[in-house]
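First up is the structure itself, then whatever we jot down about it.
Chain A is the first sequence line, chain B the second, and so forth, proteins listed ahead of strands; every chain is numbered from 1. Values below: every heavy atom of this structure, side chains too, minus hydrogens, waters and symmetry copies. Note that this is a predicted model, so its numbers are computed, not measured.
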Amino acid sequence: MTKPLICVPGQRLCILDKIHESGQGTYERQGYIYSSLAGIVDVVDKEGVKVVEVRSTGEQTLVPTQGDIVTAQVTILTQDFCKCVIKCIGNTVLSRTYRGMLRREDVCATDKDHVQIYKSYRPGDVILARVVSFSEFSFSKGNALTINSYQ
Amino acid sequence: MAKQFKSLHPTKFYRDYLNHDIRPDGRLISKFRPVIINIGSIATADGSALVRIGKTTVICGIKAELCPPKSERPNEGFLICNVDLPPLCSSKFRPGPPSDLAQITTRFLADLILNSACIDLKDLCIVKEKLVWCLYADIICLDHDGCIIDACLLVLLTALKTVRLPGVEYDAAIDKKTINEDEQKSLSIYNTPVSTTYAMFEDKVITDPTAEEEEISSGLLTIVVKNKELCSIHKPGGSPLSEEKLYDCISETINHADLLITLINTAVAEQND
Amino acid sequence: MEGKQRSNVKFVFLKCGVVSQAKGSAYFEVDNTKLIVSVYDPREIPKKTDYSSKGELFCIFKYAPFSCPNRRAHQPDADEKQHSAIVKRALESAVCRHEFPNFQVDVYILVLENDGSALSGAITAAGIALAQAGIPMYDTITAATLAIQGTTKLLDPTLEEETLCTVATHKSDTEIDYDSHGIIVLAMLSTHEQISEFYQLGNLDLETLNESVNILMNAAKDIVPLVEKCLVDYVTKTLKSNAES
């Protein structure tokens, strides 16, 4: 097992060319790939291209972005939407929770007019959802699947 | 998997552990966390101390100023404590005016100092009706991991024991104060109140809870003892506690108080050497 | 004081991961100046209605009431507010703000004992805390302070030296012009050699300014190996404890 390669932010990792690509935790500038985190360098082979990534040792700084699958817990219900608290993004548990909102129209793909939020969710339910967009102070989710109801 | 479970269902997570009388970090429910005391680290303050209970870190700096006394108490000085829980110490606090917890702790400490008579305000008097010392004790929490009242009380008393006041000569006729830096007088501390905090979770009583445990608990209890006697109890609401359990907690606190007082005295003695 | 020069950076003590509750934190000590910085995860910006493609930094710089020779009040005064703005400006160019759009990262700085050079120490420590927190950054950021009075240039001044250098003195008894005097704080991104913040107090002529900037840039570069070592030590320690658990 080779000794892990540790890097600091701003450290030049390698040249940016056809075989080397910048992955997560890195950025490109003036033809070189630089690290943007303090952590371990990993070179992943993907379809003949070497993707240079940097993984931090602590928790990754993750914010919910469009398209992410998140795990959330329902807190408040009204006629038109339900507010929830996002606890996990993908497989990573968040140390700080974020707020999300699920609109009535987004609960079910079909039969949008006759959906009753109170019949689908209760406060305390844990749901799996996908982030659709950003709006005023929170962001909507769509196509939620209830995986577990737990008191 | 355990992390997701802990995040989504914290009470059930803790309940599973507590049924076996042990906490997730491996500590028994009646075990105290290690305490570290550091003295005199701040040179700009007249007395300072740093206390660490587990991960909870609190620092106290005492600054002394001269001022005229209150007319209704002409021979008493002032000791003004203030507890600050800045957003630095935990994500629960926001910048702005002091939070409820900070104000409660400040008030509790002020009452405790007054009621336990650990210092005599008359010692702070220089010239009756004209000049007294005013000690500002500012306590700042650097890391909030539970038991904040215990840490604040401990750090305040340790800092008071390290205060060195210069000698002051006052000429009333011409209102002239001369400060003699060479003469250093320390404050006399008459007794040392110490406290421990307990958290109630369902039917169990957990000693020395961390911040996580305090959050899921159904009530908190702080017991203050001095000279092997009960001095004060602070139980802000929370679930009811049986008399038997309360007496158990008080005797546990009295046992633990010996250790804390020995620790303070050793630290202060080392500084004097 | 006359003719004294100090162009070597003083011995600095840095440690990261000191506040267990914070995502990232750092402790900085040089001579008698001690300060602690903690950084928290991105959180939603309160009272924000429109969408922006860049994240925000929220900095609060505070002196503890017992940190200065005269006791400071709890309310943030003009000095602290200005220092908060300076630290924010310095860090903004170092952090990859497009990685957390519509969120803000909180940086809290507390000075426990102030014996000069607190502002540059705060910027360096904040850079370490942000890197330890895993916030993506373009580069390691370091800062240094230079105090100037006439021909005397002192790096990392103490509080006494800082106060002396903010006093204006006439060039001689006959001239009205003031001598060069002042304090400069310079923050620099090391690898890309870019200056992210330049804060100056006082009155300086161009020649003194040029020399000072060169001294400061070298001083900032000297601190970089210490910052890197601190971060590498932290990563190694975390790797070891992850492997053991």
Problem set entry | From C/His192 atom NE2 to A/Arg29 atom CZ, the distance as rounded to the nearest 0.5 Å | 4.5 Å
Problem set entry | Spacing of C/Asp233 atom CG and A/Ile6 atom CD1 [to the nearest 0.5 Å] | 8.5 Å
For this session: Identify which part of C/Ser190 has an atom lying under 4.5 Å from any heavy atom of chain A, answering side chain, backbone, both or neither.
Result: neither
Problem set entry | Residues in residues 131-144 of chain C that sit under 4.5 Å from chain A, counting heavy atoms only | C/Ala131, C/Ala133, C/Gly134, C/Ile135, C/Pro136, C/Met137, C/Tyr138, C/Asp139, C/Thr140
Problem set entry | Closest non-hydrogen atom pair between A/Tyr98 and C/Arg43, with its separation | CE2-CA, 4.2 Å
Exercise. Shortest non-hydrogen contact from A/Gly10 to C/Thr191?
Worked result: O-OG1, 2.9 Å
Seminar exercise, completed: Most heavy-atom pairs under 4.5 Å with chain C, out of A/Gly39, A/Ala38, A/Ser36, A/Gly25, belong to A/Ser36
For this session: Using the salt bridge (Lys or Arg N to Asp or Glu O under 4.0 Å) rule, collect all pairs that involve residues 93-105 of chain C, keeping only residues at least two apart or in two chains.
Result: C/Glu56-C/Arg97
Exercise. Tell me the salt bridge (Lys or Arg N to Asp or Glu O under 4.0 Å) pairs involving residues 30-54 of chain A, sequence neighbours left out?
Worked result: A/Asp42-A/Arg55
For this session: For A/Lys87, look at atom NZ and say whether over 12 heavy atoms of other residues, nucleotides or ligands are found less than 6.0 Å away.
Result: yes
Seminar exercise, completed: Counting heavy-atom pairs under 4.5 angstrom with chain A, the leader among C/Leu239, C/Val227, C/Val95 is C/Leu239
Exercise. By a 4.5 Å heavy-atom criterion (distance strictly below it), what part of A/Ser35 contacts chain C: side chain, backbone, both, or neither?
Worked result: backbone
Problem set entry | Test salt bridge (Lys or Arg N to Asp or Glu O under 4.0 Å) applied to C/Lys34 - qualifying residues, sequence neighbours left out | C/Glu113
